[in-house]
Amino acid sequence: MSSLTCTNLTIFTLTGVLIQIIGLSLFVFGFFPVKPALSGFSGPEAFRAPRSDSVQNHSMALPPPDKLRSLYQELSGLPPFDKLILMVIDGLPAEFVLGKDGNPPRRELVEAMPYTQSLLANGMAIGYHAKAAPPTVTMPRLKAMVSGAIGGFLDVAFNFNTQALLDDNLIDQFFKIGWKMVMLGDETWLKLFPGLFKRHDGVSSFFVKDTIQVDQNVSRHLPDELSRYDWDLMILHYLGLDHVGHIGGRNSVLMAPKLMEMDEVVKMIHTNRILNQMNNHGRTLLVVVSDHGMTENGNHGGSSYEETDSLALFIGLNDVSRFESFSQKTVDQVDIAPTLALLFSLPIPKNNVGILIPETFGHLADDQKLRALELNSWQLLRLLQAQLPGLSCEGFPYHESIDKTSGISKCNGSLETKFCCLYTTAEFLHNSWMSKDVSRFNHGDEYNIAVGAYNEFLRIASEWLARRATDKPFNLLGFGVAAMVLSCVILLSLLCLMCKEVYGRERKYVSNFESNIMHAWHLDEAFAIGVIFILVVSMGSSSMVEEEQYIWHFVSSTLLLLLLRKSAQYLQVERAQNIFNLFSGKNKYIGFQTLSIVLLLISGRILRGWHQGGVNWRDLPDISKWLEQAGGDHLLKALQLVAGLLFITLSLVSLSVFDLNRKSVAVIGFCFLTPGLLVLQHIMKHQDSMFAPSSYTATMLVQIIYTVLGFATLGITVALPWLSSCLNSKSFSNRFSYESASGPDELCYKPLLVEFRNCSFVIGWAYICSWCLLQLLLQQPINSMPILLLFLQVLVGMLYCFHSGEDNKLWVEVAVFYYMGMAGHYALGNSNSLATIDVAGAFIGISSHSTILSGILMFMITYASPMLAALSMVMYISIKSCNYIALPINMDSKLLLKKLLGFPCLLLLSLNSILLVSYTIVLILMRNHLFVWSVFSPKYLYVCAATVCVYIGVSIVATTVIYTYLVLSFKRTMQGFGSSATTKDKE
Amino acid sequence: MVVMVEERNLAMENQKPKPAIVNTSPPQSPSPSTSEIALVHLICAIGIAISISLTKYLHFITLISHPSQTLLLIWVIQCPIVIILYSRFRQNRQQCSFFRAVLRGIVGIFAGALVNAFVAIALGAPIGEKYISKTVNWSIMMSLFTVVPAASVFGSSWTDWQRIFANTKPVGPIDYMICLPAHGAVIGAWFGAWPMPLDWERPWQEWPICVSYGAISGYLIGMAASFLFVLVRCTLHHTKTD
């Protein structure tokens, strides 16, 4: 076996990581397609039957807008509406307006919207539950509504980075026919359609805590706009309701007033515009939609019924037949696009997969209804032809076997045949009905049959196309998976090599230890590996993915219990003694180990009880719910302050117990006391105003905290290795000057190790403290105690590792930290659904909208705990190097560093890569599973983000430790302490 | 901390706590015969069976419908059986009377219940008013499976406890009788907890029903295994001596 040099190790690890990154990105782009199917905009050809040769000459210049408008009207043969008001109420669940399962909504909600409810009751409005496709966040939903296409899953990643919509869509079509458009509300619209609006007043969804101003900014223009007639389309996008949800959930006290405000808007528009249509300004249609619903807690993003249950309300369609007011009519959100296009005689957007909503065409004559269905069928057929290049329905053998009474022909065979059969049947029935049009009597049956045939074709084609949106290029996926597997193998074999080499060589050095213990296969080691298998197996089950927090807590606690059992193995009590003198004499270390594991178990259990995460058991009581019920805001604030104070005390104590120079400790402690006190001040002053928009001073204060923390941490990291000598306490310098008599080798080596230990301890401490302080600032108030507990866990874990010495293998302890970090991730209220990401926190301390900054903050909030575990590795390395200071024999410093740094980094990378690879394979296997978009895909995004988190953590740890070591050894060399030190320089 | 580092260094150099080496001195109690072991295990198993059927046919309750009452009945019936049976195999017969061993067993019930409850709660058992009686009854039952036999036999002798529970290195038939059923019960309970978070919506997914099922089946398997082990060892021993 060739020896693994440090350079080789670094190179191989970097290669492995690089291959993994490439593989992961290939896979992600293969699995989550982002491309549209058809480019360009549909024009007049949309009103002609599709030709199979489909050589559409795009070069044909479009007539000027006014001509185009009348051309479309003439071609479509449908009487269009003249003006459209599209009112988007962000995050309004249809349940609030239409009820659920045929029952009316809750009383207070009905009372909050008296006008809308009366419209529904009188049949002047038609309401639908419009099922939104996941991810239920604003931008993809807006795109779906205006283009009728189902976007890729990755759109969610771009939610904060809205870019102009380039695909065919309604707004562009309106613009092409010369409509004047006004947009008031969410500025997402302005980003999607830059330059298309004649007037606009964009508001930002940036100040999530503002629920009043954000809507007033929209409504204040309304009286003016409603009195003007120079626009054709007005978009109103109200964000307030979504903000209310984010702050207080569905049952927030602010919900009813907000609904009342929305009702007022509906009333104003209806009385002003729709009831008053006599003034020859044409007919106005008011469409009230919501982009998505919300969960009980007011979050959204996933695919639960509560989140996808969005509203589509059509007001102003005259002659609406009496309609059940609390009906459960369910349509798809994408159906809004073709419906609006046909109601306004526009070509349906090219990539639309929706089908028109039949009841909205109730005011049309029968032939016009059939014409609308025909236009929709042509559009879908074009899209089908683009997806299935061989599809040609010309000269398709017309089925004689059409059952004249039911109109359902037996269409079987290949996909192409099936679609053509369905389409030609509908077309034939339509034509035959048209030819008999003269004799209008006895047409009811044939008309219904034709409608049925069209609907059949539309339904099947739409379903197939919607499913088709998730097709995968298998070459890309295969290549990506292969690369990931390769990198996983590389990392694992590196780890194995290191294990063999380090422990193999150590046998020689530490022969005075019990050698059989070093090599026996301990239960805790077996279990630490077994955990991986448990996780991999459990990932295959959707309910286990939903409830992953239980697994992490269960396995990490079990591992801790096994470690407890292991320390009991080392405990020695004379036969005469009883079990209770644990803390005396040589058993002291065992006593500390036991104590710290018990502390870890207790704090872990409290953390686990803090948030009842997951999906199925969310409603069970937990500590956070209890606290919110018990005391509300004041209690929370008090708790946050207590957590902050305890945190500061604990961190200062933990710094001072370590064997360091008092003065330096005081200086460093002071450096961190300042931001700590600032954070406390921020909590005192600004956290209480939950509903108020964050003020300028608060933002300033937070920015100051960011700066101070950043400078303190960076400064200590960079400067400390150079100033390391001032960290040494007197006792140590005495000790080592005494020991230096033993030999020149030791003289230069041991002090180096001591300085390394001191430096890395302080730097590691600084990392952990600043990270936790940041989290105290960013996390929701309810999470401040868990942050304190996580900090405590890290410190107690360090205490355990300090006392465990060489009892455990390094990788077991690192794995424990990793597992505890993951358990903590779920303890902070995270889950594998996108809905639990804390969006509100991502804007703390940012003064202008920046996608990157708020993205980073969101990442930091979500991955608080795994990152803490990764950062704690610096301190861990320092703690572990203590063991070697004490060793009487002299270890090779190269080997030491390789062991101390290599194990944590490689282990984190390999653990993560195993999970990543196995989960990728699970995702491929589950690609046709019912829950692939709702359960497995969000989980995969979390896995990817966790991978990024590990990369960042490991690179910070590795850079810090190597930098410290290099600076220290450089200093040694400069001081001329024995020339032999230069040979030990590494990396 | 300075002192601690120094002390630790000393310990590293000289007195590193060594894992206890298996106590090679034979247990001072008379070795029970194979048939005796079989009888003990059989009586324990019958005790459990009787208590479960009693609840079912006399009180018309099951573990699923009334977990805490059923568990109560199990441990009430099991308690005298286990303590009396295992007290017969007590160590140091000269210094320890039968009643002393029984007393140790009774103390062991509560100590073991505390440990079991702590472990269960640390692993995620729910805390709350409605769970208290279930947890108490479950942990007393677990205590009877795991700690009580050892308490009756060994008392407070740490080396024996360490050999059985920390190192899992039983020597001799009594060790097997204590060690394997106890480990079986713990491992069974651990695996029994796995279905709990799943969304199957079965009534037995509640704490502590499936955990108790797991523990009981693990206990039974452990007893069978211990009997087999002793049997195999005996035959081997006999063939060797022959």
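Computed over heavy atoms, backbone and side chain alike; hydrogens, waters and symmetry mates excluded. Sequence lines set the chain letters: A, B, ... in the order given, protein chains first and strands last, and positions in each chain run from 1.
Interface remark: A:Leu620 contributes no atoms to any contact with chain B (heavy atom separation under 4.5 Å). Proximity to chain B (any heavy atom under 4.5 Å) is shown, for A:Phe554, by both the backbone and the side chain. Looking at A:Ile606, there are no atoms closer than 4.5 Å to chain B (heavy atoms on both sides), in backbone or side chain. Looking at B:Phe118, the atoms closer than 4.5 Å to chain A (heavy atoms on both sides) all sit in the side chain, from C-beta outward.
Taken to the nearest 0.5 Å, the CD atom of A:Glu547 stands 12.0 Å off from the CE atom of B:Met196. Expressed to the nearest 0.5 Å, how far CG of B:Asn167 lies from CG of A:Leu523 amounts to 11.5 Å.
At most 12 non-hydrogen atoms from other residues, nucleotides or ligands lie less than 6.0 angstrom from CZ of B:Phe110. The environment of A:Phe527 atom CZ is dense: over 12 non-hydrogen atoms of other residues, nucleotides or ligands sit within 6.0 angstrom.
Between A:His553 and B:Leu123 the shortest heavy-atom distance is CE1-C, 3.6 Å. Of all non-hydrogen atoms in B:Ala122 and A:Ser557, the two that sit nearest each other are O-OG, 3.4 Å. Between A:Arg565 and B:Phe165, the shortest heavy-atom contact is NE-O, 3.1 Å.
A donor-acceptor pair under 3.5 Å is formed between the side chain of B:Gln162 and the backbone N or O of A:Ala568.
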